[in-house]
Trainee: 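After the C-alpha cells below, expect a handful of questions from me.
Note that this is a predicted model, so its numbers are computed, not measured. Numbers restart at 1 for each chain; the letters A, B, ... are given by sequence-line order, proteins then strands.
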Number of protein chains: 2
Amino acid sequence: MGREPAARRRGKELEEAIYQAVWDELQEVGFTKLTMDGVAKRAGTSKPVLYRRWPGRIELLAAAAVHFMPDRESIPDTGSIRDDTVALLSLMRTRMLTLGRSPMLGLLIHVSQQPEAEESHFLEQLQRNIRNLMTNVVIARALERGEATPEQLNDRLQMLPIDLARSQFLLTGDLPEGAITEIVDDVFMPALAGRAGQVRDSGARPGREGK
Amino acid sequence: MGREPAARRRGKELEEAIYQAVWDELQEVGFTKLTMDGVAKRAGTSKPVLYRRWPGRIELLAAAAVHFMPDRESIPDTGSIRDDTVALLSLMRTRMLTLGRSPMLGLLIHVSQQPEAEESHFLEQLQRNIRNLMTNVVIARALERGEATPEQLNDRLQMLPIDLARSQFLLTGDLPEGAITEIVDDVFMPALAGRAGQVRDSGARPGREGK
DNA sequence: TAGCTTAGATACGAGCCGTATCTTACGGAC
DNA sequence: GTCCGTAAGATACGGCTCGTATCTAAGCTA
C-alpha cells in the first residue's frame, strides 16, 4: 500500500541531480528567488544534503555553474588578430550566456563583500582564463605574425575587447554577434592602428610611415 | 518616571533621518545585510513608516542614493577632448564611489529581473546623464574644435571611456586616478587616432601599414 | 552478516519580509 | 485656545527562508 520511496542516490549521481535542480530552478524562478528549500525539493532530496556539500546558495550556484560550463579552452588560429579576437569574444559570449546575467551579478556582489571568497574562485578563474587566452594566444599569435609590436600593446589595450564585452553583458544581459564585431572593428582594431602610428610615446611622429 | 519619547518628526526632516540611517547602515553592515528593520531601528522609527514611502529596500536604497548623490552636472571646458574626457571620468568616479560597488551591483540585479523597473529609473538616469555629457558636451566640443570628425566617432567609440570606467569599477570597486588616465591615454586617444587614419571603413586593411 | 557511512525526513529557532491594527503626537482650520 | 484629520510610531502577526540538530534506514564494505 505504501508508495515506493525513490531509490536512494549517492555520490556523483546525487550531485548531478542537484546541479540539474539548481539549473532548472534558476530558469523557473530566477536568481533572486533561488532557495535551498526549492532546490532540495526539486532535486527530491533535503536541505542537510545540500549543506553537507556547500556552505550556502552562492557556493552551490557556483558549483552548478562550473558543472554546466562548456569547457572549450582553445581559440582556433584564424590567421588574423581580428578574427581571433572575434572568436575569443564568442567564447566569452557562450560562457556568459551559460551563467546568466543575474547569477553573474550575484557572484560579483558576493566577491565584493567577501574579498577572500574562495567560492568565487570560479568567477576569477573564468576571468583569468579569458585573460590568458587573450594575452598568451591571441596576442602572442599577432606578435608572431607581425601584426603588432610589444610596445604597441599595453595592458589596457590588450584587455579592451574583454572589458567592453563584459560591460555590455552586465548592462544588457546579452552580447549579440553584432556587438562583438562592433567592439572589434569599431574600437579595438582602430585602437591598435592608432598605437601603431606612434609606436613610441616619446617620439610621437603621427603619420610618418606612409601608407 | 516614563522616559521622554523622542519628538515626533515629519516630512522632510523624517525622510532625511531615514536616508541617513540607510547610509550609515550600508556603511556598517553592507548591502547584502541591509534590512528594513535595521534601517527603521537606526532611524528611530518603524517599518510602516518606511513602507508608506517606498515599496521595498531596493527602492529605498535608490532614493537614499539620489539624496546623497552630488549633482555636479557640468564638465569644465579644458580645451581638449583628452582633458575633457578625464574630467568626465572623474565625475563618474565620484558618483560611483558615492553609490558603492555592491549597491550598484544590487541595483543592476534588480533591473535585470524587473525590466520595467521604474525604481531603477535612478541607475538609468545616471547612465543617461553621463552618456549625454559625453556626446553633447565632450564630443560636441571636440567637433567644434576640429579635434575629430563625425565619421570618425561611431557610437562604440564615443562610449568607450564610459564603458571601460564602469567595467573597471564593477570589477574592482574603484576607479583610481591612474586608471582614468590609462583609459584615456592608452586606449581612447589611440583609438581616435586610429579612426582618423582610415576615416572610411571600406578602406580598412588591418595590419598592412607595418614596416 | 555486521557495521559504517550518509541520504533523506522532520522539526526547530532565528531573522527578515510585508501588512494590519492601534494609539497618539502634531499641524492646520476655525 | 479647541477640534479634527493626518500620519508617526509601536506592536504583533503569518509567511518564508535560513542554517542546524536529530533521527531513520538505505546501501556500501568488510
Side-chain angles (χ1 to χ4, degrees), chain A residues 1-22 25-26 28-64 102-103 106 109-110 113-114 119, chain B residues 1-22 24-26 28-64 102-103 106 109-110 113-114 117 119:
Chain A
M1 307 292 137
R3 288 200 305 98
E4 199 87 8
R8 185 173 289 189
R9 300 152 298 179
R10 296 192 165 223
K12 283 296 170 193
E13 184 193 0
L14 177 58
E15 287 186 8
E16 188 112 4
I18 293 172
Y19 290 146
Q20 192 60 53
V22 170
E25 198 77 355
L26 253 191
E28 201 151 306
V29 305
F31 169 75
T32 55
K33 292 183 180 175
L34 182 76
T35 71
M36 296 300 259
D37 293 84
V39 171
K41 184 171 184 178
R42 183 184 288 267
T45 182
S46 61
K47 281 194 294 176
V49 172
L50 304 184
Y51 282 104
R52 279 176 204 129
R53 289 174 166 72
W54 303 278
R57 74 176 202 129
I58 286 289
E59 294 83 358
L60 171 54
L61 171 65
S102 296
I109 285 190
H110 189 249
Q113 298 210 333
Q114 314 220 348
E119 321 78 64
Chain B
M1 307 273 147
R3 290 198 305 97
E4 199 86 8
R8 187 174 287 189
R9 299 152 299 179
R10 296 195 165 220
K12 284 296 171 191
E13 183 192 359
L14 177 58
E15 287 186 8
E16 188 112 4
I18 293 172
Y19 290 146
Q20 191 60 54
V22 171
D24 293 346
E25 198 76 356
L26 254 191
E28 200 151 307
V29 304
F31 169 75
T32 55
K33 292 184 180 175
L34 183 75
T35 72
M36 294 301 257
D37 293 85
V39 171
K41 184 171 184 179
R42 182 184 289 266
T45 181
S46 62
K47 281 195 294 177
V49 172
L50 303 184
Y51 282 105
R52 278 177 203 129
R53 287 175 166 72
W54 304 277
R57 75 175 203 131
I58 287 289
E59 295 83 359
L60 171 55
L61 171 65
S102 297
I109 285 191
H110 188 249
Q113 298 209 332
Q114 315 219 347
E119 324 77 64

Trainee: So, using side chain to side chain contact (heavy atoms under 4.5 Å, CB included) as the criterion, who are the partners of Thr35(B) when residues are at least two apart?
Mentor: Asp37(B)
Trainee: Give a yes/no on whether any side-chain N or O of Arg57(B) is located under 4.0 angstrom from OP1 or OP2 of dG18(C).
Mentor: no
Trainee: Tell me: CZ of Arg9(B) to C1' of dT6(D), nearest whole Å?
Mentor: 17 Å
Trainee: To the nearest Å, how far apart are Arg53(B) CZ and dG9(D) C1'?
Mentor: 12 Å
Trainee: Below 4.0 angstrom, which residues in residues 44-51 of chain A have at least one non-hydrogen atom near DNA chain D?
Mentor: Lys47(A), Pro48(A), Tyr51(A)
Trainee: Whole-Å distance between dA25(C) C1' and Arg8(B) CZ?
Mentor: 4 Å
Trainee: Round to a whole Å and report the spacing from CD of Glu13(A) to P of dG27(D).
Mentor: 11 Å
Trainee: Can you check the Lys33(A) NZ to dG15(D) P distance for me, whole Å?
Mentor: 18 Å
Trainee: Whole angstrom is fine here: how far is it from CG in Leu60(B) over to C1' in dC16(C)?
Mentor: 15 Å
Trainee: According to side chain to side chain contact (heavy atoms under 4.5 Å, CB included), who are the partners of Gln113(B), at least two apart in sequence or on a separate chain?
Mentor: Phe31(A), Thr32(A), Ser102(A)
Trainee: Could you check if a side-chain atom of Leu61(B) sits within less than 4.5 angstrom of a side-chain atom of Leu26(B), using non-hydrogen atoms only?
Mentor: yes
Trainee: Of the residues in residues 34-42 of chain A, which ones touch DNA chain C at a heavy-atom distance under 4.0 Å?
Mentor: none
Trainee: If I take atom CH2 in residue Trp54(A) and atom P in nucleotide dT20(D), what distance separates them, rounded to the nearest angstrom?
Mentor: 15 Å
Trainee: Does a nitrogen or oxygen in the side chain of Arg52(A) sit under 4.0 Å from OP1 or OP2 of dA21(D)?
Mentor: no
Trainee: Among Arg53(B), Gln20(B), Arg9(B), which one satisfies side chain to side chain donor-acceptor pair (under 3.5 Å) with Glu15(B)?
Mentor: Arg53(B)
Trainee: Set out, in order, the CA-CA distance, both residues' side-chain angles and the distance that settles side chain to side chain contact (heavy atoms under 4.5 Å, CB included) for Glu16(B) and Lys12(B), then state yes or no.
Mentor: CA-CA 6 Å; Glu16(B) 188 112 4; Lys12(B) 284 296 171 191; 5.6 Å; no
Trainee: Within this structure, what is the NZ-to-C1' distance between Lys12(A) and dA7(C), rounded to whole angstrom?
Mentor: 17 Å
Trainee: According to side-chain hydrogen bond (donor to acceptor under 3.5 Å, both in side chains), who are the partners of Arg57(A), at least two apart in sequence or on a separate chain?
Mentor: none
Trainee: Please collect all ring pair (Phe, Tyr, Trp, His ring centres under 6.0 Å) contacts where either partner lies in residues 35-55 of chain A, sequence neighbours excluded, each pair once.
Mentor: Tyr19(A)-Trp54(A)
Trainee: Under 3.5 Å, side chain of Glu59(B) to main-chain N/O of Gly56(B), donor-acceptor pair present?
Mentor: yes
